[in-house]
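We count residues from 1, following the sequence as given. Because the structure is predicted, anything quoted here is derived from the model rather than measured. Just so it is clear, the values below take in all heavy atoms, side chains as well, and ignore hydrogens, waters and symmetry mates.
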Amino acid sequence: MKLAIVLASGELEKVQAASIIASTAATLGEVMLFATMDGLMAFRKDVVENKSWKAGELGKGMIQANAPLFVDVLRQAKEVGNLKIYACGMIMDMLKMSLDDFVDVFDDVIGVTKFLGMVEDAKVLFI
């Protein structure tokens with residue numbers, strides 16, 4: 001199985017869902033997660049440190065309960081499965097950011113064209 005996840009939402013519930021799907025699928029096959037738009041911003045160091053994501057009732061409950069966060073879920077998944085995580089170069093260029101501005105989970109910074117070329121034979125989820 002080859003799965004590609006395009007994470008464009010920065011809402012905590014959606015980022016958490018993407019991490020759980022990616023983590024599970026990475027034990028079964030190849031998974032590539034492409035973080036773009038607000039999905040990329042959820043990985044900013046300051047956002048993660050301050051737990052300042054956009055969150056609904058469930059997301060706020062996860063934060064209060066100290067549930068394992070998506071960053072930790074993705075790190076563990078990379079250790080046990082076949083998961084690659086990519087940051088969107090276009091967004092980083094527009095905002096004049098570098099990988100130093102984000103938590104250390106990304107394998108590379110790539111553009112949409114490269115990502116689409118990598119996933120042409122994969123099932124694609126948009127979150």
query = In chain order, what residues pass the ring-ring contact (aromatic ring centres under 6.0 Å, His included) check against Tyr86, with sequence neighbours excluded?
reply = none
To the nearest 0.5 Å, how far apart are [atom1] in [X] and [atom2] in [Y]?
| X | Y | atom1 | atom2 | answer |
| --- | --- | --- | --- | --- |
| Met41 | Leu95 | CE | CG | 5.0 Å |
| Ile85 | Phe34 | CD1 | CZ | 13.0 Å |
| Met97 | Ile91 | CE | CD1 | 10.5 Å |
| Leu69 | Met62 | CG | CE | 9.0 Å |
| Asp101 | Arg44 | CG | CZ | 7.5 Å |
| Asn82 | Met32 | CG | CE | 8.5 Å |

Spell out, as yes or no, whether a donor-acceptor pair under 3.5 Å connects the side chain of [X] to the backbone of [Y].
| X | Y | result |
| --- | --- | --- |
| Glu13 | Gly59 | yes |
| Asp93 | Met90 | no |
| Asn50 | Asp46 | yes |
| Glu11 | Lys54 | no |

When clusters are formed by joining ILVMFWY residues with side-chain heavy atoms under 4.5 Å apart, either directly or through shared neighbours, do [X] and [Y] land in the same one?
| X | Y | value |
| --- | --- | --- |
| Leu74 | Leu12 | yes |
| Leu28 | Ile20 | no |
| Met94 | Val47 | yes |
| Leu125 | Phe70 | yes |
| Phe115 | Phe43 | no |

query = Between Asp121 and Lys2, is there a side-chain N and carboxylate O pair less than 4.0 Å apart?
reply = yes
key: SB check Asp104 Arg75 (cutoff 4.0 Å)   = no
Give the minimum heavy-atom separation between [X] and [Y], together with the two atoms involved.
| X | Y | value |
| --- | --- | --- |
| Ala26 | Leu83 | CB-CB, 4.0 Å |
| Phe106 | Ala87 | CD2-N, 3.5 Å |
| Leu40 | Cys88 | CD2-O, 3.9 Å |
| Ala4 | Val119 | CB-CG1, 3.4 Å |
| Val15 | Ala42 | CG2-CB, 4.0 Å |

With side chains defined as the heavy atoms from C-beta onward, is the minimum distance between [X] and [Y] less than 4.5 Å?
| X | Y | value |
| --- | --- | --- |
| Leu99 | Val109 | yes |
| Phe102 | Met92 | yes |
| Ile63 | Trp53 | yes |
| Asp38 | Ser9 | no |

inquiry  = Applying the side chain to side chain contact (heavy atoms under 4.5 Å, CB included) criterion to Ile127, which one of Leu33, Val6, Ile21 satisfies it?
reply    = Ile21
ask   = Which residue pairs pass the ring-ring contact (aromatic ring centres under 6.0 Å, His included) test when at least one of the two sits in residues 9-29, sequence neighbours left out?
value = none
request  = Please say whether more than 12 non-hydrogen atoms of neighbouring residues, nucleotides or ligands are located less than 6.0 Å from NZ in Lys45.
outcome  = yes
